[in-house]
Undergrad: 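After the structure tokens below, expect a handful of questions from me.
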Amino acid sequence: MLLKSKHIKLVTISLFVFFLLTACSFTMKDDEETFKETEPTTVVDEQEESTPEPVYITISAVGDVMAHMSQINAQYRNDIDDYDFTNNFKHMKPYITDADIALANLETTFGGAERGYSGFPLFNAPDALADGLADAGFDIIATANNHTIDTGITGANRTIDVLRDRDLGVIGTRKSVDEESYMIKDVNGVKVGFTAYTYETKRQGETKTLNGIPIPKDYEDLIDTFSYEYMEQSYEEMENRVNHLREAGAEAIVFFMHWGDEYQRQPNQFQKMIAQKLSEFGVDIIFGSHPHVVQPIELIKNEVNDHQTVVVYSMGNFISNQRHETLNNRYTEDGLMVTVELKKDFEEDTISINNVKYMPTWVYRYTENGRFVYEVIPVLDYIENKQSYELSDEIASRILNSKENTKGLVDLEDELLRTKPVFKRN
């Protein structure tokens, strides 16, 4: 009986295994048929195969941020016993913050209150001006200009510290050889290199000078300068900078150039030659400052390497006390905010200039409670929204005159540059 019982169990197990294997065989056969039927269909990972949409980024810049003594006095507030510059930029703030990256040229130093604040010819402004620039929405400040060492090397270094403490990037100067005087920023997935250069004043023997002040030998390599007297050497240094930025990953390159002749509304031959060279080196955007008046915008189409470069020869004064009443020169009241839109095309693996637009600006100075008030007016916004400004007919006339002066210089001829020549408030 025991043997029979075991035999029955064995038969039962065998039958179970037989049916299980048979079922698996049919299942595998069904799966095989199903696979054969669906074999022509390929499953594609859409995320891996599809090309990303183009990326557009905007880079905006303004010209000289000056701090004459009358401006400094105007910004002192008795109620806080300190300085406040935020009102200077309140009308421009929506346009500045709208840019992905916004730059300005700082034509003063932050040498500290103990030195005493001063305007021309040796500029030293309150740190509160840096607060005003940060509040306005600027991201990067060019510190290389003819006034960089107005308060000495100590003042130049302190200027860097003050700006960095406000999370403002600094280009054109550095505190030591262990730092960089340029920066590469990732802007919405596009790596953009930013650098700034200033012209030197006449050398004293072999010593470089700025604003006629000798640059100490051990500091010469810490300020990015070029010399009209030694352009071949300067070109070599600028080309090396471009190559270094490319090697460091920069896909687009922006140069802030402090150059040209003061109060001249057209670029000189040096500006044109340097712009051409920078385009040959592969620079994409050149923002110019120093003339204190607006100069034209040009699109260089370089035949050497088929490269296109936007050149803004001078953006004029963003804010200053230079004006008709002080210099008998209305053009020093005018400025430009220029925005260049870059397009990154992933399918073609290219970055190109997609659009250039500009906002004319005008420095409004008026008197309130016995002291001056300075405000930068976005001219086109004023024209469209006059009622919100409530300005006199005489001031309105000056603003319209400013617009015509600027329009006469920067009505852009190239079709690309005429796509969107005006700003709209968002």
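Worth knowing before you read on, the calculation uses all heavy atoms, side chains too, and leaves out hydrogens, waters and symmetry mates.
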Undergrad: Would you please say whether a donor-acceptor pair under 3.5 Å links the side chains of N124 and T151?
TA: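 T151 and N124 do not have a side-chain donor-acceptor pair below 3.5 Å.
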
Undergrad: Output all residues satisfying side-chain contact (heavy atoms from CB on, under 4.5 Å) with K217, sequence neighbours left out; order by chain, then residue number.
TA: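 Applying side-chain contact (heavy atoms from CB on, under 4.5 Å) to K217 gives E206, T207, E220.
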
Undergrad: Is it true that the side chains of R323 and T332 contain a donor and an acceptor less than 3.5 Å apart?
TA: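 Checked: R323/T332 side chains show no N/O donor-acceptor pair below 3.5 Å.
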
Undergrad: Scan the side chains in residues 248-265 for donor-acceptor partners under 3.5 Å anywhere in the protein, sequence neighbours excluded, and list what turns up.
TA:
unit_1: E251; atom_1: OE1; unit_2: K344; atom_2: NZ; d: 2.7
unit_1: E251; atom_1: OE2; unit_2: K191; atom_2: N; d: 2.8
unit_1: H258; atom_1: ND1; unit_2: S289; atom_2: OG; d: 2.8
unit_1: H258; atom_1: NE2; unit_2: E107; atom_2: OE2; d: 3.4
unit_1: H258; atom_1: NE2; unit_2: N146; atom_2: OD1; d: 2.9
unit_1: H258; atom_1: NE2; unit_2: H290; atom_2: ND1; d: 3.3
unit_1: W259; atom_1: NE1; unit_2: Y313; atom_2: O; d: 2.9
unit_1: D261; atom_1: OD2; unit_2: N268; atom_2: ND2; d: 3.2
unit_1: E262; atom_1: OE2; unit_2: H292; atom_2: NE2; d: 3.4
unit_1: Y263; atom_1: OH; unit_2: Q322; atom_2: NE2; d: 3.1
unit_1: R265; atom_1: NH2; unit_2: N405; atom_2: O; d: 3.1

Undergrad: Just checking E229: does its CD atom have more than 12 heavy atoms from other residues, nucleotides or ligands closer to it than 6.0 angstrom?
TA: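 Yes - once you tally the heavy atoms of other residues, nucleotides and ligands closer than 6.0 Å, there are more than 12.
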
Undergrad: Under 3.5 Å, side chain of N211 to main-chain N/O of P121, donor-acceptor pair present?
TA: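 Yes, because the side chain of N211 sits within donor-acceptor range (under 3.5 Å) of the backbone of P121.
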
Undergrad: For residues R365 and N321, is any side-chain donor paired with an opposing acceptor at under 3.5 Å?
TA: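 There is such a pair between these side chains.
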
Undergrad: Identify whether NZ of Lys or CZ of Arg in K277 sits under 6.0 Å from the centre of the six-membered ring of Y235 and within 45° of that ring's axis.
TA: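 That pair qualifies as a cation-pi contact.
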
Undergrad: Would you say the side chains of T201 and T209 form a donor-acceptor pair under 3.5 Å?
TA: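 Side chains of T201 and T209: pair found under 3.5 Å.
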
Undergrad: Do Y117 and N73 have a side chain donor and acceptor closer than 3.5 Å?
TA: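 On atom types as modelled, these side chains do not qualify, holding no pair under 3.5 Å.
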
Undergrad: Can you confirm whether the side chains of D84 and Q75 place a donor and an acceptor under 3.5 Å from each other?
TA: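 The criterion, which ignores hydrogens and geometry beyond distance, is not satisfied for Q75 and D84.
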
Undergrad: Parallel, tilted or perpendicular, judged at 30° and 60°: which one describes the rings of W362 and Y364?
TA: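 Ring orientation, 0 to 90° scale: parallel.
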
Undergrad: With no hydrogens and no angle check, is any side-chain donor or acceptor of D139 less than 3.5 Å from a backbone partner on A102?
TA: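 Judged by distance alone, yes, a pair lies under 3.5 Å.
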
